Amino acid sequence: MDIIIWNVDKMGMGIKIIDEQHKNLISIINDLANAIEKKEQKDVLFEIVDRLIEYTKYHFQTEEEYFDSFDFDDKSLHKSEHKYFIEHFKGIKKGLEKGIKKGDKSVIKLSEDILMYLVDWFITHITGSDRDYMDLFKKNGL
């Protein structure tokens with residue numbers, strides 16, 4: 001069962017490229033939630049973390065290029081939030097590579113922790129601080 005369903009009125013920013021990228025994050029979150037529900041997280045956690053890292057590369061780069069182009073006032077704070085997210089998941093990936101094997105029971109706990117982190121990120125960042133740049137981006141033609 002998906003835990004986040006796209007709702008254009010509550011989640012949409014009216015900026016096509018950003019909305020599409022946010023939908024991709026929802027897909028990753030829901031894939032993890034569904035794997036946990038089916039008790040298949042041991043099989044998918046490594047892939048989910050890789051997908052999250054790949055997502056950050058293109059999504060954060062998109063936002064940050066617009067921050068710089070449009071001279072977004074809070075770009076430093078927003079970029080620091082992005083950096084924290086990236087470092088968080090790089091650390092998780094490093095831990096997975098070094099100490100946690102696919103069959104390890106700690107993968108179950110880690111999967112649940114990651115899911116809670118992602119849901120919180122979605123609520124506080126995407127439906128929160130991302131709203132700070134919405135009008136600026138629209139004013140500049142996005």
Side-chain angles (χ1 to χ4, degrees), residues 1-38 40-102 104-142:
M1 180 177 97
D2 291 345
I3 62 169
I4 299 177
I5 307 295
W6 178 259
N7 179 315
V8 71
D9 294 330
K10 293 181 181 175
M11 300 171 190
M13 296 184 59
I15 303 165
K16 185 176 180 175
I17 190 169
I18 302 296
D19 285 346
E20 289 303 315
Q21 291 178 358
H22 287 169
K23 287 179 192 177
N24 288 340
L25 179 59
I26 290 172
S27 176
I28 296 169
I29 294 169
N30 286 334
D31 287 350
L32 179 58
N34 288 317
I36 290 170
E37 183 180 29
K38 295 175 186 174
E40 296 172 349
Q41 64 269 48
K42 291 179 185 177
D43 300 324
V44 301
L45 185 59
F46 288 77
E47 175 194 336
I48 293 287
V49 171
D50 284 341
R51 286 173 61 196
L52 284 166
I53 291 170
E54 187 60 33
Y55 169 82
T56 64
K57 289 178 185 174
Y58 68 83
H59 177 64
F60 293 163
Q61 180 180 7
T62 298
E63 285 186 346
E64 291 176 9
E65 285 176 1
Y66 289 129
F67 293 164
D68 294 336
S69 294
F70 304 150
D71 199 28
F72 177 49
D73 288 338
D74 289 333
K75 68 182 170 186
S76 294
L77 175 62
H78 209 99
K79 286 179 179 183
S80 70
E81 290 175 11
H82 289 172
K83 184 177 179 181
Y84 181 82
F85 186 94
I86 291 166
E87 293 305 316
H88 181 75
F89 281 99
K90 281 183 178 178
I92 288 172
K93 180 166 175 114
K94 202 175 280 187
L96 285 170
E97 290 170 344
K98 285 186 177 182
I100 299 176
K101 306 298 179 216
K102 283 189 178 184
D104 195 327
K105 288 185 181 184
S106 59
V107 170
I108 295 169
K109 174 72 170 114
L110 181 58
S111 299
E112 293 166 353
D113 291 347
I114 290 172
L115 181 62
M116 296 309 297
Y117 182 89
L118 290 172
V119 170
D120 182 63
W121 173 268
F122 190 84
I123 292 167
T124 59
H125 186 82
I126 293 176
T127 63
S129 61
D130 275 359
R131 300 279 182 225
D132 294 343
Y133 67 70
M134 187 169 70
D135 290 337
L136 177 66
F137 281 25
K138 286 181 180 179
K139 185 176 112 180
N140 284 279
L142 292 183

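Keep in mind that this is a model prediction, so the values were computed, not measured. Starting from 1, each residue takes its place in the sequence as its number. Just so it is clear, the values below take in all heavy atoms, side chains as well, and ignore hydrogens, waters and symmetry mates.
Summarising the geometry, atom CD1 belonging to Ile36 is positioned 9.0 Å from atom CD1 belonging to Ile48; distances are rounded to the nearest 0.5 Å. Rounding to the nearest 0.5 Å places CZ of Phe122 at 6.5 Å from CG of Leu25. Atom NZ of Lys38 is separated from atom CG of Asp43 by 11.5 Å, given to the nearest 0.5 angstrom. From Ile123, atom CD1 reaches atom CD1 of Ile4 across 7.0 Å, with rounding to the nearest 0.5 Å. Note that CG of Leu96 and CD1 of Ile114 are 6.5 Å apart. Values are rounded to the nearest 0.5 Å.
Lys83 is linked by a salt bridge (charged side-chain N to carboxylate O under 4.0 Å, His left out) to nothing, counting only residues two or more places apart in sequence or in another chain. Not counting sequence neighbours, the partners of Asp113 by the side chain to side chain donor-acceptor pair (under 3.5 Å) test are Lys109. Looking at residues two or more places apart in sequence or on another chain, you find a side chain to side chain donor-acceptor pair (under 3.5 Å) between Asp50 and Lys93. Taking Asp74 as the reference, nothing meets the side chain to side chain donor-acceptor pair (under 3.5 Å) condition, with sequence neighbours excluded. Under the side chain to side chain donor-acceptor pair (under 3.5 Å) criterion, Thr124 pairs with no residue at all, not counting sequence neighbours. For Leu136, the side chain to side chain contact (heavy atoms under 4.5 Å, CB included) test picks out Phe70, Phe72, Asn140, with sequence neighbours left out. Considering only residues two or more places apart in sequence or on other chains, Ile86 meets the side chain to side chain contact (heavy atoms under 4.5 Å, CB included) condition with Thr56, Phe60, Lys90. Shown here are the salt bridge (charged side-chain N to carboxylate O under 4.0 Å, His left out) partners of Asp73, two or more places apart in sequence or in another chain: there are none.
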Taking distance alone, no hydrogens or angles, what donor-acceptor pairs closer than 3.5 Å link side-chain atoms of residues 5-14 to residues at least two apart or in another chain?
residue: Asn7; atom: OD1; partner: Asp9; partner atom: N; Å: 2.9
residue: Asn7; atom: OD1; partner: Lys10; partner atom: N; Å: 3.0

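A 4.5 Å side-chain heavy-atom check between Leu52 and Leu118 finds at least one atom pair inside the cut-off. Considering only heavy atoms from C-beta on, Asp31 stays 4.5 Å or farther from Val44 through its side chain.
With ring centers used as reference points, Tyr117 lies under 6.0 Å from Phe89.
The only member of Tyr84, Phe85, Phe67 that meets ring-ring contact (aromatic ring centres under 6.0 Å, His included) when paired with His78 is Phe67.
Formation of a donor-acceptor pair under 3.5 Å by the Asn30 side chain with backbone atoms of Ile3 is found in this model. Side chain of Gln41 to main chain of Glu112: no donor-acceptor pair is present (N/O by atom type, distance under 3.5 Å, no hydrogens or angles). The closest donor-acceptor contact from the side chain of Ser80 to the backbone of Leu77 lies under 3.5 Å.
Contacts classified as salt bridge (charged side-chain N to carboxylate O under 4.0 Å, His left out) and involving residues 13-29 (residues at least two apart or in different chains) are given here: Glu20-Lys23. Sorted by first then second residue, the salt bridge (charged side-chain N to carboxylate O under 4.0 Å, His left out) pairs that include residues 120-142, not counting sequence neighbours, number zero. Pairs of residues two or more places apart, or lying in two chains, that qualify as salt bridge (charged side-chain N to carboxylate O under 4.0 Å, His left out) and include a residue from residues 55-66 are Glu54-Lys57.
In summary, Asp68 and Lys79 engage in a salt bridge, as defined by a charged side-chain N under 4.0 Å from a carboxylate O.
Nearest approach of Ser111 to Leu32, heavy atoms of both residues: O-CD2, 3.7 Å.
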